[in-house]
Amino acid sequence: MAKATGFKTPKGTRDVGPPDSARWQALISAFEREAQLANYGLLHTPIFEDIGVFQRIGEGTDVVQKQMWDFLDKGDRRMVLRPENTASVCRSFVQQRPIVPWKIWYQGPFFRYEEPQAGRQRQFNQLGIEVLGSSDADIDVEAIALGSRFLERIGLKRVLLLINSMGDVETRLKYAQAVQDYLRANLGDIDREDHEKIEAHPLRVLDSKRPNTRKVTAEAPRVEQFLSVEAGAHFDRVQAGLGSLGISFAIEPRLVRGLDYYTHTLFEYQSSALDTAQNALGGGGRYNGLVEELGGPDTPGIGFAMGVERILLACDAEQAFVPPDTAPVVWIIDVTDGSSARDLTHELRSTGVSADRSFDHRSMRSQMKAADRSGAAWAIIVGDQEVASGVVTLRNLRESDDQKTIERSQVVAYLVEVLSQR
RNA sequence: GUAGCCGUAGCUCAGUCGGUUAGAGCGCCAGGUUGUGGCCCUGGAGGUCGGGGGUUCAAUUCCCCUCGGUUACCCCA
């Protein structure tokens, strides 16, 4: 417990240190590899932006209405810590005007000012991709497949892929009207807490978790009946593509997602291994109006974001993606004046062998304990006898207790040789 | 923003129906073994019992407030 005068991480934030940080890095690397395999480039955007960038994602959304972590800078500009990345990427696209299709991936911290709970932090990390400049349904397939492949490759098995379509803007408007009419007609059977949403955001009532509302929405009109010919063809092509790639999915007519910019394809990856309220590992969809909203040309886009913390929670639940081994290969035990430890660690590191040592002239027992605890495979022991004879003692700490005497001048080359044979 | 539960050593937790120096296990440090880790034994360090206020002769314990954690609503990653 922190002292009265001590500081702690701010509410809804946490430190991530060893060994968790190594696992976290490995997860990012796994995603980076997946992105590179599909020729996506890395885009870093600022962690804060003008508040207007994010207001474009929908005035009626919770993200904009109550979760924006905004502040005035010293020039009286209204800034906001980014709550998501799609709007930033579109802002960047408008500013840079890269050639299309622009395929980028990203990773980093995001911020939403809300009450923390399981799988929900005020600062959290997302990784994801965006593609701007193509309305080809095969890009939808590529994006969805990339996410599925990533989750599969890190060892998650209990993942459900849900998809839906919102159609184009006209479809969406007509469908929203139909849903609203239907909900109004069944007002009495809908949980009271959802009544307000019926008027403000009828589509969002569809993913309400309240039992009475769910009974009503199960029978709600389906979007298929409202899809234009083009929108229907697009959705058909996406489904056929996923089928061709052998990716299993379920159509979820009530999947609407909370951001207003989505059109056409919507998708979400859910973990059935998590029994918390937040079981969505990630989600995304197509947004064909957002670039224009931000002052650019009419440009289609699609992408998804996944929550790093949630993925790791799911990995814990499935006992997948174990932390990588970060132990040094060699530990130097020097019971003379420490000079050998100083020089040998440097030599080993220079040849690419990880090595560490104790400091502060600890006892041999203490140094051996430290070597054991570190997980090192080898110990190099240097005492007065060794120094006098120009040798060191090389001890195997893992497979056996074998140890042997070896020339001081040979030991580094010897270890490099032994390690190369693995 | 709202509600429930919870804040006692670095970690996981006992405990105190209010009463002299607040405990355990694990971890850490040292010793048993002045050249050998993992097992075992011994010892040690480390807490203003989350913070503030109130009641009381006396508060870690009771009351209020506050901060934080946690779970849920809402919503999302």
Side-chain angles (χ1 to χ4, degrees), chain A residues 1-14 57-58 60-67 82-86 107-128 147 191 193-194 196-197 201 204-205 207-210 255-259 268-271 274-284 304-314 331 333-336 358 360 362-387 392-398 400-403 405:
Chain A
M1 211 43 61
K3 297 256 162 46
T5 50
F7 295 108
K8 293 192 284 189
T9 52
K11 182 172 185 165
T13 68
R14 56 182 47 158
I57 68 184
T61 65
D62 280 9
V63 169
V64 169
Q65 280 188 347
K66 52 188 196 189
Q67 295 170 358
R82 59 185 190 183
E84 58 111 52
N85 209 32
T86 304
Q107 166 280 129
F110 294 86
F111 307 84
R112 289 182 199 172
Y113 198 91
E114 53 186 337
E115 291 304 309
Q117 64 183 73
R120 203 175 74 182
Q121 295 275 298
R122 285 186 172 183
Q123 176 174 340
F124 56 100
N125 288 275
Q126 286 189 343
L127 36 79
D191 288 285
E193 291 87 344
D194 287 320
E196 236 177 86
K197 271 196 294 188
H201 281 280
R204 207 153 308 145
V205 178
D207 66 358
S208 169
K209 279 179 284 193
R210 295 177 205 285
L255 179 66
V256 291
R257 305 192 54 78
L259 301 172
E268 188 168 295
Y269 303 95
Q270 284 186 2
S271 169
L274 292 177
D275 53 6
T276 54
Q278 276 69 232
N279 63 351
L281 301 178
F304 68 74
M306 295 195 188
V308 172
E309 290 84 353
R310 284 187 193 178
I311 290 171
L312 289 175
L313 282 175
W331 195 275
I333 287 151
D334 184 340
V335 284
T336 64
S358 298
D360 302 309
R362 303 274 191 180
S363 68
M364 184 171 202
R365 172 198 178 98
S366 169
Q367 292 191 49
M368 282 298 291
K369 280 176 84 105
D372 185 50
R373 194 163 40 208
S374 76
W378 301 90
I380 294 177
I381 301 168
V382 186
D384 293 330
Q385 292 166 24
E386 283 86 352
V387 171
V392 298
T393 298
L394 182 63
R395 182 178 174 88
N396 189 320
L397 295 174
R398 298 300 151 208
S400 68
D401 291 352
D402 296 343
Q403 66 180 45
T405 302

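Reminder, nothing fancy here: chain letters follow the sequence lines and each chain counts from 1. Any value given below was found using the heavy atoms of this structure, including those in side chains, with hydrogens, waters and symmetry copies removed.
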When you compare the protein's N or O atoms with those of nucleotides 29-32 of chain B, which come within less than 3.5 Å of each other, and at what distance?
{"residue": "rC29(B)", "atom": "OP1", "partner": "Arg373(A)", "partner atom": "NH2", "Å": "3.4"}
{"residue": "rC29(B)", "atom": "OP2", "partner": "Arg373(A)", "partner atom": "NH1", "Å": "3.3"}
{"residue": "rC29(B)", "atom": "O3'", "partner": "Arg362(A)", "partner atom": "NH1", "Å": "3.2"}
{"residue": "rA30(B)", "atom": "OP1", "partner": "Arg362(A)", "partner atom": "NH1", "Å": "3.0"}
{"residue": "rG31(B)", "atom": "O6", "partner": "Arg365(A)", "partner atom": "NH2", "Å": "2.8"}
{"residue": "rG32(B)", "atom": "N7", "partner": "Arg365(A)", "partner atom": "NH1", "Å": "3.2"}
{"residue": "rG32(B)", "atom": "O6", "partner": "Arg365(A)", "partner atom": "NH1", "Å": "3.2"}
{"residue": "rG32(B)", "atom": "O6", "partner": "Arg365(A)", "partner atom": "NH2", "Å": "2.6"}

Minimum-distance pair of heavy atoms, taken over all atoms of [X] and [Y]:
X	Y	value
Ala371(A)	Ile333(A)	CB-CD1, 4.1 Å
Gln123(A)	Pro109(A)	NE2-CB, 3.4 Å
Ala314(A)	Leu281(A)	CB-CD2, 3.9 Å
Thr276(A)	Ala118(A)	CG2-CB, 3.6 Å

**Study point:** Of Leu281(A) and Val335(A), the one whose closest RNA chain B nucleotide lies more 5'
**Key:** Val335(A)

Point to revise | Closest-nucleotide 5' rank along RNA chain B - winner of Arg395(A) and Glu309(A) | key: Arg395(A)

Exercise for review: Test side chain to side chain contact (heavy atoms under 4.5 Å, CB included) on Asp372(A) and Gln367(A) and set out the steps.
Suggested key: CA-CA 9 Å; Asp372(A) 185 50; Gln367(A) 292 191 49; over 6 Å; no

Check your understanding: Any donor and acceptor pair, going by atom type alone, linking the side chain of Arg398(A) with main-chain N or O of Ala376(A) inside 3.5 Å?
Key -> yes

Could you state the [atom1]-[atom2] distance from [X] to [N], rounded to the nearest angstrom?
X	N	atom1	atom2	result
Leu397(A)	rU36(B)	CG	P	15 Å
Arg204(A)	rC75(B)	CZ	C1'	9 Å
Leu394(A)	rU36(B)	CG	P	18 Å
Arg398(A)	rG38(B)	CZ	P	11 Å
Lys8(A)	rG68(B)	NZ	C1'	4 Å
Asp372(A)	rG38(B)	CG	P	7 Å
Arg122(A)	rC74(B)	CZ	P	19 Å
Met364(A)	rU34(B)	CE	P	12 Å

Could you grab the distance from atom [atom1] of [X] to atom [atom2] of [Y], nearest 0.5 Å is fine?
X	Y	atom1	atom2	value
Ser271(A)	Gln278(A)	OG	CD	12.5 Å
Ser400(A)	Arg395(A)	OG	CZ	8.5 Å
Ile381(A)	Glu386(A)	CD1	CD	7.5 Å
Ile380(A)	Gln403(A)	CD1	CD	12.5 Å

Point to revise | Stepwise side chain to side chain contact (heavy atoms under 4.5 Å, CB included) test for Trp378(A) and Asn396(A) | key: CA-CA 5 Å; Trp378(A) 301 90; Asn396(A) 189 320; 3.9 Å; yes

Check your understanding: Parallel under 30°, tilted from 30 to 60°, perpendicular over 60°: which one fits the rings of Tyr269(A) and Phe304(A)?
Key -> perpendicular

Review point. Do Phe124(A) and the base of rA77(B) stack face to face, with centres under 5.5 Å apart and an angle between planes under 30°?
Key: yes

With distance as the sole criterion, do the side chain of [X] and the base of [N] form a donor-acceptor contact below 3.5 Å?
X	N	result
Glu114(A)	rG1(B)	no
Asp334(A)	rG35(B)	no
Gln403(A)	rU36(B)	yes

Using the [atom1] atoms only, state how far [M] lies from [N], rounded to an integer number of Å.
N	M	atom1	answer
rU8(B)	rA22(B)	C1'	8 Å
rC65(B)	rC26(B)	P	41 Å
rU61(B)	rG4(B)	C1'	23 Å
rC29(B)	rC74(B)	P	49 Å
rU55(B)	rG18(B)	C1'	12 Å
rG32(B)	rC39(B)	C1'	14 Å
rU20(B)	rA59(B)	P	11 Å
rG19(B)	rC62(B)	C1'	15 Å

Protein N or O to nucleotides 70-73 of chain B N or O, pairs below 3.5 Å:
{"residue": "rU70(B)", "atom": "OP1", "partner": "Arg14(A)", "partner atom": "NH2", "Å": "3.0"}
{"residue": "rU71(B)", "atom": "OP2", "partner": "Ala118(A)", "partner atom": "N", "Å": "2.9"}
{"residue": "rA72(B)", "atom": "OP1", "partner": "Ala277(A)", "partner atom": "N", "Å": "3.0"}
{"residue": "rA72(B)", "atom": "OP2", "partner": "Gln117(A)", "partner atom": "NE2", "Å": "3.3"}
{"residue": "rA72(B)", "atom": "N7", "partner": "Gln117(A)", "partner atom": "OE1", "Å": "3.4"}
{"residue": "rC73(B)", "atom": "N4", "partner": "Arg120(A)", "partner atom": "NH2", "Å": "3.4"}

Assign [X] to base, sugar-phosphate, or nothing according to its heavy-atom contacts below 4.0 angstrom with the strands shown.
X	result
Gly282(A)	sugar-phosphate
Asp401(A)	base
Gln385(A)	base

Check your understanding: Does a salt bridge link Lys11(A) with Glu115(A), judged by any charged N lying under 4.0 Å from a carboxylate O?
Key -> yes

Point to revise | Dot-bracket summary - RNA chain B, pairs being Watson-Crick or G-U whose distances fall under 3.5 Å, with | when paired to another strand | key: (((((((..((((.....[...)))).(((((.......))))).....(((((..]....))))))))))))....

Exercise for review: May I ask you to check if Arg122(A) and Tyr113(A) form a cation-pi contact, with NZ or CZ under 6.0 angstrom from the six-membered ring centre and within 45° of the axis?
Suggested key: yes

